[in-house]
Amino acid sequence: MKDVPSVPYTDLPDLSDEERVAAAQKFYEEIKERRSCRMFSDKPVPREVIEKAILAAGTAPNGANHQPWHFVVVSDPDIKHRIRLAAEKEEQEFYAGKAGQEWLEALAPIGTDDDKSYLDVAPWHIVVFGQRKGGIELGDRKQNYYVTESCGIACGMLLTALHKAGLATLTHTPSPMGFLREICGRPADEKPVMIIVAGLPTDDATVPVHATIKKPLEQITTWL
Ligand code: IYR
């Protein structure tokens, strides 16, 4: 490593091996209860929860530390409704055949359709944009790197932070998503990545059994 200005790396918890295993197990037990929720209550959730979750997402590893993301947080019912209508317009075509038979068959056990009424109901939409240009200083127009990967990791951390705060979430990816740029007033060099819908589930919310089946460790790992 070259000699660049540096600070000590000291803030990792000092755990025994047993404590590490227990901590990893505890987090697994927590995060395996995360679900993609499509049945939201309109119960309000404080803005501070969303702010802190976005701060957590903003610490994600990313290309050259340019932090190539922007989060548009929508609670205005009119804007949420515009997003719903535009998303449903795309989804109508998608489910009417644009997706193709194989994709529609893959989605059948999840039971999704073009009704996105939860977009009106949930208190928060977090629309995530990847910035092709930017840099660390406000107003920078440098090239950004690994924008897709960086935003993907940030979205994962955002979902995790929201789940830990007791919120239900949904990653919603209408296709194509260009309309989000216009509704959210973002520039042409930003690419919509996904909408993260956040709020509380209805009292009688359910999730498809299909979505609860997770591959075992042996199937998702190779140890060399
Ligand atoms: N965006 C659509 C379709 C959809 C696609 C995938 I891949 C999913 O895992 C779930 C849904 C929709 O939201 O209905």
Side-chain angles (χ1 to χ4, degrees), residues 31-42 45 50 53 57 69-75 77 79-130 147-163 167-184 186 190-202 204-216 219-220:
I31 203 64
K32 75 183 178 57
E33 300 308 320
R34 186 207 57 79
R35 301 282 174 243
S36 289
C37 178
R38 295 181 176 85
M39 299 177 190
F40 283 94
S41 138
D42 62 0
V45 165
I50 308 300
W69 40 60
H70 190 82
F71 303 90
V72 176
V73 188
V74 183
S75 60
I79 304 177
K80 285 193 295 186
H81 191 59
R82 281 181 67 196
I83 293 175
R84 173 190 171 180
L85 293 182
E88 284 184 336
K89 191 163 162 275
E90 302 296 358
E91 302 289 9
Q92 276 150 16
E93 288 178 33
F94 178 91
Y95 285 98
K98 205 175 103 188
Q101 198 191 336
E102 186 174 359
W103 197 348
L104 293 177
E105 278 172 18
L107 292 178
I110 307 179
T112 51
D113 59 20
D114 57 15
D115 174 3
K116 303 301 176 195
S117 42
Y118 54 74
L119 290 172
D120 275 332
V121 181
W124 297 104
H125 298 184
I126 306 170
V127 189
V128 184
F129 289 86
V147 175
T148 305
E149 294 83 349
S150 302
C151 289
I153 301 168
C155 287
M157 290 175 63
L158 181 54
L159 291 165
T160 305
L162 293 167
H163 176 77
L167 294 197
T169 52
L170 177 69
T171 53
H172 182 48
T173 50
S175 159
M177 278 191 281
F179 68 85
L180 289 169
R181 198 184 291 122
E182 199 241 312
I183 295 178
C184 297
R186 299 307 300 169
E190 289 189 3
K191 187 177 150 18
V193 175
M194 66 179 72
I195 308 171
I196 295 185
V197 188
L200 293 164
T202 58
D204 56 357
T206 58
V207 294
V209 170
H210 177 81
T212 67
I213 304 163
K214 301 301 174 193
K215 294 180 182 176
Q219 203 177 329
I220 60 171

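Start at 1 and go down the list; that is how both ligands and their atoms are numbered.
- What sits closest to atom 7 (I) of ligand 1 on the protein, heavy atoms only, is W103 NE1, 3.5 Å.
- Using a cut-off of 4.0 Å between Lys/Arg side-chain N and Asp/Glu carboxylate O, K80 and D120 are scored as not salt-bridged.
- For ligand 1, the polar-atom distance check against Y95 finds a nitrogen or oxygen pair separated by under 3.5 Å.
- Using a 4.0 Å cutoff on heavy atoms, E90 does not count as a contact of ligand 1.
- Of all protein heavy atoms, the one lying nearest to atom 8 (C) of ligand 1 is L107 CD2, 3.4 Å.
- No part of D114 comes within 4.0 Å of ligand 1, judged by heavy-atom distances.
- Atoms OG1 and CD, on T212 and E33 in that order, are 10.0 Å from each other to the nearest 0.5 Å.
- In this structure, CD on E90 lies 10.5 Å from CE on M177, to the nearest 0.5 angstrom.
- Put simply, the residue from V197, I196, V73, L162 that forms a side chain to side chain contact (heavy atoms under 4.5 Å, CB included) with W124 is V73.
- Under a cut-off of 6.0 angstrom, the local environment of NZ in K215 is sparse, with at most 12 non-hydrogen atoms contributed by other residues, nucleotides or ligands.
- The atoms of ligand 1 that sit less than 4.0 Å from any heavy atom of H172 are 13 (O).
- Of the N and O atoms on the side chains of Q92 and E88, not one donor lies less than 3.5 Å from an acceptor on the other residue.
- Close approach of ligand 1 to F94 (heavy-atom distance below 4.0 Å) involves ligand atoms 3 (C).
- Taking only nitrogen or oxygen atoms, main chain and side chain alike, E91 reaches within less than 3.5 Å of ligand 1.
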